[in-house]
Number of protein chains: 2
Amino acid sequence: MSIRHAILGFLSWKPFTGYELKKLFADSLSFHWTGNNNQIYGSLIQLHRDGLVSQEVQPQEKLPARKLYAIPPAGREELRAWLLAEPELPQLRNSFHIQLAWAEALSDRELDSLLEAYERVLEAQTLMCRERARRGLAAPGRSPREILVWRRIEEKRVGDYEDELDWLRSLREDLKALSPEPS
Amino acid sequence: MSIRHAILGFLSWKPFTGYELKKLFADSLSFHWTGNNNQIYGSLIQLHRDGLVSQEVQPQEKLPARKLYAIPPAGREELRAWLLAEPELPQLRNSFHIQLAWAEALSDRELDSLLEAYERVLEAQTLMCRERARRGLAAPGRSPREILVWRRIEEKRVGDYEDELDWLRSLREDLKALSPEPS
DNA sequence: CAAAGCATGTAAGCAGTTACATGATTGT
DNA sequence: ACAATCATGTAACTGCTTACATGCTTTG
């Protein structure tokens, strides 16, 4: 699995330029590659070299030529093959949990302020996700099946952040009960 | 965050060889680097070069020399600095969800068998995690605080897989309701 | 006699991130 | 005047994964 498959996925809707794809990735909750603008252009060049996307160059006056990418049959086959591939388990690597696992070197107060900081970023993320999910995705009207699947995926993502927040809050309470602050 | 911090974490318990660290990573649910045996040896060399771990070479007859690594004050400082660093949000990149998002090219039956395959691997993973969590970690007896934190982290991991399984099952049901199979 | 355990590493490659680089047009 | 939008890319780096490489000892 790499960003190239997701690019093929978007192109299976309709042709896009690299710039448009960049925005699609940035706007979607579920495809949160961070350093996209770079990776997308590179991936498109690769995909084109491999014959999995076609390129239509549209010269513009005084602006760089738009390169509109579409998905030819070979690309659709590659996409389909990937869709049918063995599902991978989610990674679930939470770097904060690893940080926490070694927090024995911190005092109770330091640990609590670390947890508080995590709670703050989680809260912000949860709010942002919920807001974006509420506004709905900018996806073109597709089949009821696809709409259902996409909604479920987005809901799961929001739910995951909310679960992490609940977990964190309950952990903080248990820690407080374990060693109550001298007040 | 990288594997080097987790190595420093383990060494903060007591000295270990690369081989032992490899097993610790392999045995723990929460630190699931896959290609460790390689990365660990390389990271130890780096850490040693940077003065963050110390190395005691113990020659053996007819076996490669054991290299026992310990954590000097500089390493403890680095560990502490990392512990106090800004918490990172969990990544939540689920490559199966991305696969699913583009499954429009699949028939109802193909989609369902994909979901079924995912359910199988998730079930296996959940069982494996639960079993391992039940057996408890091989960690040396530490403070009540550390024990609580470690248990919570492991429980969260199992819970995450279980949630994913619940989510998947409910999605399958909804999809079945949407387009009932011609039986 | 084969498999698992002990014990170390190297090399090649991929995916993703950050930073750098250019430059016109449109909106506030 | 400044920021945002349009539009493309390159280079360097980090972290992780896969495959390769060696060789002895203990257990089944």
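Chain identifiers are assigned alphabetically (A, B, ...) following the order of the sequence lines, protein sequences preceding nucleic acid strands; residue numbering begins at 1 within each chain. The structure displayed is predicted, hence computed values, not measured ones.
Taking side-chain N and O atoms only, A/R93 has a distance below 4.0 Å to OP1 or OP2 of D/dC16. Contact between the side-chain N/O atoms of B/K67 and the OP1/OP2 oxygens of C/dG9 is found at a separation under 4.0 Å. Between A/K23 and D/dC6, a side-chain N or O to OP1/OP2 separation shorter than 4.0 Å is present.
Here the C1' atom of nucleotide D/dC6 and the CZ atom of A/F16 are 16 Å apart, to the nearest Å. Following rounding to the nearest Å, A/K22 (NZ) and D/dG9 (C1') show an atom-to-atom distance of 11 Å. One interatomic measurement links the two molecules: CD1 of A/I7 to C1' of C/dG16, which rounds to 13 Å at whole-angstrom precision. In this entry the distance linking CD1 of B/I98 with C1' of C/dA15 reads 13 Å, nearest Å. Rounded to whole Å, the distance from CD on A/Q46 to C1' on C/dG16 is 12 Å. At whole-Å resolution of the value, CZ in B/R4 and P in D/dT14 are 9 Å apart. Spacing between atom CD of B/Q58 and atom P of C/dC6 amounts to 15 Å, rounded to whole angstrom units. The distance between atom CZ of B/F25 and atom P of D/dG15, rounded to the nearest whole Å, is 14 Å.
Ring pair A/H48/A/Y69 is perpendicular by interplanar angle, where above 60° counts as perpendicular and below 30° as parallel.
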Evaluation steps, side-chain contact (heavy atoms from CB on, under 4.5 Å), between B/L83 and A/L114: CA-CA 8 Å; B/L83 290 174; A/L114 185 68; 5.6 Å; no
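The closest donor-acceptor contact from the side chain of A/E164 to the backbone of B/L89 lies at 3.5 Å or more, if one exists at all. Under the 3.5 Å distance criterion, the side-chain polar atoms of B/R145 are matched with a main-chain donor or acceptor of A/A103.
Closest approach to the B/Y19 side chain among C/dG5, D/dA7, C/dT17 is made by C/dG5 (side chain taken as heavy atoms from C-beta onward).
Backbone-only contact: A/G18 has heavy atoms under 4.0 Å from sugar-phosphate atoms and none from a base.
The nearest heavy atom of DNA chain C to B/A65 and to A/H32 marks one nucleotide each, and the one closer to the 5' end goes with B/A65.
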Per-nucleotide protein contact string for nucleotides 18-28 of chain D (B base, S sugar-phosphate only, - none; heavy atom under 4.0 Å): BB---BBS---
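For the pair A/R93 and B/W33, the cation-pi criterion (under 6.0 Å, within 45° of the ring axis) is fulfilled. Both tests pass for B/K14 against the ring of B/F16: distance under 6.0 Å to the centre and angle within 45° of the axis.
Ring pair A/F31/A/W150: centre-to-centre distance below 6.0 Å.
Taking the screw axis at each terminus of the helix from C/dC1-D/dG28 to C/dT28-D/dA1 from five consecutive base pairs, the angle between the two is 40° to within rounding of 10 degrees.
Nearest heavy-atom pair across B/A101 and A/E146 is O-OE2, 3.6 Å.
In this structure, a donor-acceptor pair under 3.5 Å is absent between the side chains of A/Q91 and B/N94.
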